[in-house]
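In what follows, a single structure is set out as C-alpha cells and then discussed.
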Amino acid sequence: MRYNFKKTEKKWQKHWDENESFKAEENSKKPKFYGLVEFPYPSGHGLHVGHPRGYTALDIISRKKRMEGFNVLFPMGWDAFGLPTENYAIANKIHPAVVTAENIKNFKRQLKMLGFSFDWSREIDTTDPKYYKWTQWIFLKLFEKGLAYKATMPINYCTGCRVGLANEEVVNGVCERCSSEVIQKEKSQWMLKITEYAARLIDDLDGLDYIEKVKVSQKNWIGRSQGAVVNFKVEQTGDTITVFTTRPDTLFGATYMVLSPEHEFINKNKEKIKNYAEVERYKLAAAKKSEFERTELSKEKTGVALEGITAINPMNGVQIPIWISDYVLVTYGTGAIMAVPAHDERDWEFAKKFDLPIIEVVSGGDDVQKQPFTDVDDGIMVNSGFITGMQVKDAIKKITEHIEKNNIGERKINYKLRDWVFSRQRYWGEPIPIVLCEKCGYVPLSESELPLLLPETDNFEPGEDGESPLAKQVDWVNTVCPKCGGKAKRETDTMPQWAGSSWYFLRYIDPNNDDFLAGMDKLKYWLPVDWYNGGMEHTTLHMLYSRFWHKFLYDIGVVPTKEPYQKRTSHGMILGENGEKMSKSRNNVINPDEVVGEYGADTFRTYEMFIGAFDQATPWSMQGVRGCHKFLERVWGLSGMVTADGGYSDELMSAVHKTIKKVTEDIDRMKFNTAIAALMSFINKVMSIGSLTRGEFKTFLLLLNPIAPHITEELWENAGFSGFASQSKWPIYDAAKTLDDEIEIAVQINGKVRDKVIINADDNDETVKEKALACQKVNDFLSDKKIVKVIVIPKRLVNIVAK
RNA sequence: GCGGGCGUGGCGGAACUGGCAGACGCGCUAGACUUAGGAUCUAGUGGGCAACCGUGGGGGUUCAAGUCCCUUCGCCCGCACCA
C-alpha cells in the first residue's frame with residue numbers, strides 16, 4: 001500500500017490539536033527546556049520557505065528533548081505591528097487590525113500544516129492590547145528611571161510624499177515609492193538610553209553560548225574602544241577643546257585639530273573666527289547632505305580652517321590650526337579630533353589635500369610623507385619628548401599617566417553605540433503612554449490607564465510634514481494631564497517594531513496574566529531561554545535591544561536572570577533554485593503550500609533539514625525534495641519487512657547502536673543533514689538484508705520521529721507499539737556495541753594505499769603490523785625496496801615507509 | 001577599508017583532536033519488471049586506456065595534509081570616515 005500522507009498528516013495534526021499533546025506543564029518536577037524561535041511578522045505573502053528552516057530545527061530539538069524527559073516550552077506568536085500591514089491597509093482601505101487578523105490566520109494554518117509541536121495555548125500577538133499593555137508598562141518604567149527621554153533627532157523625510165520614512169523605505173537616497181529626494185528633518189523624538197548598558201552588553205556576552213559571529217557582531221555594533229580624552233587650550237578664546245583618541249602616544253605628532261561642522265565651539269566663538277561666513281557656508285552644505293551622501297564611499301575630504309584661531313598642543317606647546325570637516329562625526333567621541341596625519345589614514349588624506357604638516361612620531365614604516373604608518377604592534381616612538389624610544393604600547397601607558405597627572409585629560413572608554421531612537425511617525429504601533437502638559441511637561445500615564453489603546457479610525461494616512469497619523473485624531477490627542485488635570489496633548493508617535501519583540505519570550509511564560517507581564521515563580525522556573533534560533537539578519541539589533549530591555553527588567557527586579565537567552569544559533573538562508581536570493585522579482589520563490597500539497601509536511605521537513613549545513617546558505621532543489629520523499633516511502637515500506645523478534649539482531653546490532661549515537665549527537669549539534677544521512681544509510685542496510693526486527697523498527701521510528709513526526713506516528717500505531725512515538729523514550733545506545741569486532745584497515749606504502757586488510761578489533765600493534773606485511777600486494781610493491789619504518793595507527797591504517 | 005564566512009565530483013554536500021577524500025541525496029549510464037513510465041528494483045558512477053592525478057593557485061612542515069604554517073587568487077554576507 002502506498003503511503004497516503006495527506007490523510008495521515010491531517011489525522012495526527014488533529015490528534016495533537018485536540019489532545020494539546022505538546023502543552024508545556026506547569027509545576028512540573030521535570031527539568032525544563034525552553035526552546036525559542038523568532039516569532040514571524042505575519043505578512044500578506046504567507047510563510048516563506050526560509051521560516052520553517054529554523055522552526056523545523058528547533059521543533060526537532062524540542063521533540064527530542066520531550067522524549068528525553070524534559071518539560072519543554074516551545075511557543076509561537078506574532079510580531080504583528082509593522083509597516084507593510086499599515087501600507088496595505090492604506091492602499092486597500094481596510095483597518096490594519098483586520099489585515100493582521102487575516103494574515104495571522106493564514107500563517108497559523110501554514111504552521112499547523114507543517115506539524116510543529118508548538119504549545120498553541122500560549123500564542124501571543126504584539127498588537128493585542130492585553131499584550132501591548134505590558135510593552136507600554138515597560139516604557140513607563142524606562143521613563144520613570146530616566147532611560148527614556150526626548151531629543152531632537154533627524155528623520156528621513158520624503159520631499160515628495162511629505163512624510164517621514166523608515167530606513168527601509170529609503171533606497172539609494174530616494175523615496176522607495178515616489179523616487180523623490182529624501183532629506184534629514186529634525187524632529188523631537190523619544191530615545192532610550194541603551195548606551196548606559198553598553199559595557200554590560202559587551203561584558204556579559206562572555207558567559208553565553210552564542211555562535212561566535214553573533215557575539216562578534218554584537219561587540220562590533222557596540223564598538224568599545226579604549227583611549228583617552230585630551231584637552232587642547234585655544235589660544236584666542238581661553239576655552240578648551242576636548243578630543244577622544246585611542247592613540248595618545250601620537251600626541252606629539254598632532255599637527256592640527258578638526259571639529260565636526262556641528263561642534264558647539266563654532267557657534268560660541270563666531271566673532272573670533274575671521275572667516276565665519278565661509279565656515280557657515282560649509283556648515284550649511286554639510287547639514288544639507290543626506291546621511292547617504294555624507295557616508296558615501298571614497299569621496300574627497302573637504303574642510304575649512306577656522307582663521308584667527310589656534311590651539312596649543314599640550315605636549316610641546318606648539319600652536320596648531322583648527323579646521324572643520326564633515327569627516328569628523330559629531331555623534332562619536334567628543335565631535336572633535338586631534339589630527340596625527342603621519343599615523344592616521346584619514347588625517348593623512350586631509351593633510352595632503354590641504355598641505356598641512358606631517359610629522360613622524362612612530363618609526364618603523366616607510367616615509368610618512370608618502371603614506372601613513374598605522375601599525376601599533378612594532379613601532380618605536382620618535383620626536384616625542386619623554387616617550388621617545390619607547391614601544392607604542394608602553395608609550396600609550398606612560399603618556400596616559402602623564403596626561404592624568406597633569407590634568408590635561410584622562411583615560412576613557414568610548415562606544416560607537418548610540419541611544420535608540422524609539423519614535424515612529426506611524427499608526428500601526430504601540431502608542432507611547434505619555435502626555436505633554438502645558439504646565440508639567442512630559443507626564444506618564446498611570447499604570448491603571450494602560451493599555452492606552454490606539455484610537456479607532458479609518459484614516460491611517462501618514463500625517464503631513466512628517467507627523468504621525470495619530471496627530472490627526474484630535475479627540476484622542478487632546479486630553480487632560482494626569483498630574484494637574486490641565487490641558488494636555490497625547491504623544492502621537494508610536495513605538496518601533498522592535499518594542500514588542502524585545503520581551504515577547506517573557507510573555508509566553510505566563511501569557512494570560514492580567515496583573516503582571518509574567519509571574520516571578522514561572523519566570524524563575526523557565527528562564528533563561530535555553531536555546532534561541534533565528535535569522536542572521538536579527539543577530540545585531542533585535543538581540544541587542546531585547547538584551548538591553550531584559551537587563552533593565554532585571555535591574556528593577558522584574559526578571560530573575562541577567563540575560564534572556566543562554567544559547568543563540570542562526571540558520572542560513574534558503575536560496576532559489578538558481579542560487580540567487582528568493583524574491584518575487586527574480587521569479588524563484590518556492591511556496592511551502594505547494595510543496596506540502598504535493599509531497600506532504602514530513603517530506604518538506606526532512607528536505608529542509610537535509611538540504612545542507614544548517615548554518616549555511618543553500619539553494620532549493622525540487623529534485624532533492626523528491627529524494628526525501630522517496631526516502632519516506634521506503635520507510636513506509638519497512639513495515640512489511642518486520643519480524644516478530646523484539647530485540648536487535650546480531651546482523652544489525654552495531655548498525656543500530658551506531659545510528660542512535662550518530663542521530664543523537666548530530667541533532668544536538670544541529671547537523672541535521674548528516675543525521676538524516678545516517679538514517680538513510682541504516683535503511684539501505686536493512687534493504688540489503690531484506691528484513692529487520694520489531695525492536696529495530698521501533699528504534700528507527702523513534703529516531704526519525706522528531707524529523708518526520710506524522711509518518712512515524714502512523715507506523716508506530718499500525719505496528720501496535722504502545723502509546724505514541726512522540727511521547728516515548730528516546731533510544732539509548734551502548735557505546736560498547738557501536739564497535740565492530742572486525743575492522744578493515746588500509747595498508748599504505750609511503751603514504752599511498754596499496755591494499756586493505758581485515759584485523760580484529762583487539763589485535764595489538766605488532767599483530768596488525770604482521771598482518772599488513774603479509775599482504776601479497778604489499779610484498780609485490782616492496783620487492784625491490786627496503787623497509788625503513790612501519791607506523792601503525794590503531795583501527796585506522798598501517799603506513800610502511802620504504803626506500 | 002574593517003569584521004565574519006566560504007572555495008571539495010555534473011549538482012547539494014560528507015570527512016570528530018592530521019590517518020583509506022567524495023558518506024548521504026540528486027543527476028547520469030546500463031539492466032530488470034511493465035501497455036506505458038517523470039513509478040519501482042538491481043548494478044555502476046571523481047578524472048585518466050594506464051602508470052598515475054586529484055579538495056581555488058603556489059610554497060612548506062610531516063611517515064601521512066581538505067585539515068597545520070606561509071603566500072596568493074576568487075566569491076558571499078554584515079558594517080562602513082567610529083579618531
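Each chain gets a letter, A, B and so on, in the order its sequence line appears, and its residues count up from 1.
- For the pair A:Arg634 and B:C41, the criterion of a side-chain N or O lying under 4.0 Å from OP1 or OP2 is met.
- Pairing for B:G3 goes to B:C77, judged as Watson-Crick or G-U wobble with the two contacts each under 3.5 Å.
- Geometrically, A:Lys301 does not engage A:Phe350 in a cation-pi contact, judged by NZ or CZ lying under 6.0 Å from the ring centre and within 45° of the ring axis.
- Nucleotide B:U45 forms a Watson-Crick or G-U wobble pair with B:G27, both donor-acceptor distances falling under 3.5 Å.
- Base pairing of B:U61 is not made with any nucleotide, judged by Watson-Crick or G-U wobble geometry with both donor-acceptor distances under 3.5 Å.
- When the side-chain nitrogen and oxygen atoms of A:Ser225 are compared with OP1 and OP2 of B:A83, one or more of them lie within a distance under 4.0 Å.
- Glycosidic conformation of B:G44: anti, with the torsion beyond 90° of 0.
- The side chain of A:Thr674 lies closest to B:A15 when the candidates are B:A15, B:A83, B:G4.
- Base pairing annotation: B:U8 forms no Watson-Crick or G-U wobble pair, as no partner gives both donor-acceptor distances under 3.5 Å.
- Checked against the 6.0 Å centroid threshold, A:Phe672 and A:Phe610 do not count as a close aromatic pair.
- The list of salt bridge (Lys or Arg N to Asp or Glu O under 4.0 Å) pairs with a residue in residues 603-613 of chain A, not counting sequence neighbours, reads A:Asp59-A:Arg605.
- A close approach under 4.0 Å does occur between a side-chain nitrogen or oxygen of A:Asn684 and OP1 or OP2 of B:G25.
- Dashed line: the shortest gap from a side-chain N or O of A:Lys752 to OP1 or OP2 of B:A21 is not under 4.0 Å.
- Here B:G38 sits opposite no nucleotide as a Watson-Crick or G-U wobble pair (both hydrogen-bonding atom distances under 3.5 Å).
- Legend: residues meeting ring-ring contact (aromatic ring centres under 6.0 Å, His included) with A:Tyr210, ordered by chain and number and at least two apart, are absent.
- If you check B:G66 for Watson-Crick or wobble pairing at under 3.5 angstrom, you find it has no partner at all.
- Between A:Phe265 and A:Val234, the closest side-chain pair of non-hydrogen atoms falls below 4.5 Å.
- Contact annotation: A:Arg796 does not reach the phosphate of B:U17 (side-chain N/O to OP1 or OP2, under 4.0 Å).
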Any protein N or O atoms within reach of nucleotides 27-33 of chain B? Criterion: under 3.5 Å, listing atom names and distances.
| unit_1 | atom_1 | unit_2 | atom_2 | d |
| --- | --- | --- | --- | --- |
| B:G27 | OP1 | A:Gln623 | OE1 | 2.9 |

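- At the phosphate of B:G19, neither OP1 nor OP2 sits under 4.0 Å from any side-chain N or O atom of A:Asn799.
- A salt bridge links A:Lys658 and A:Asp740; the closest N-O separation between the charged side-chain nitrogens and carboxylate oxygens is under 4.0 Å.
- Two residues, A:Ile745 and A:Asn750, neighbour RNA chain B, and the one matched to the more 5' nucleotide by heavy-atom proximity is A:Ile745.
- A search for side chain to side chain contact (heavy atoms under 4.5 Å, CB included) contacts involving A:Thr569 returns A:Ile211, A:Trp531, A:Asn533, A:Lys567, A:Met670, not counting sequence neighbours.
- Scanning residues 603-618 of chain A for heavy-atom distances under 4.0 Å to RNA chain B yields A:Phe610, A:Ile611, A:Ala613, A:Gln616, A:Ala617, A:Thr618.
- Base pairing of B:G18 is not made with any nucleotide, judged by Watson-Crick or G-U wobble geometry with both donor-acceptor distances under 3.5 Å.
- Comparing the same atom, P, in B:U8 and in B:A23 gives a spacing of 16 Å after rounding to whole Å.
- Here the SG-CD1 distance, from A:Cys775 to A:Ile749, works out to 9.0 Å after rounding to the nearest 0.5 Å.
- Contacts of residues 332-343 of chain A with RNA chain B (heavy atom under 4.0 Å): A:Tyr332, A:Ile337.
- Look at A:Lys662 and A:Asp666 and you find a salt bridge, because one of the NZ, NE, NH1 or NH2 atoms lies within 4.0 Å of a carboxylate O, short of that distance.
- With both ends at atom P, the span from B:G78 to B:A83 equals 23 Å, rounded to whole Å.
- Taking the ring centroids of A:Tyr599 and A:Phe5, they lie at or beyond the 6.0 Å cut-off.
- For the pair A:Val798 and A:Ile791, the minimum side-chain heavy-atom distance is 4.5 Å or more.
- Nearest nucleotide to the side chain of A:Met680, out of B:C24, B:A21, B:C63: B:C24.
- Ion pair A:Lys661/A:Glu665 flagged as a salt bridge, since at least one NZ, NE, NH1 or NH2 atom sits closer than 4.0 Å to an Asp/Glu carboxylate oxygen.
- Distances were taken from every side-chain heavy atom of A:Asn220 (C-beta onward) to each of B:C20, B:A83, B:G3; the shortest belongs to B:G3.
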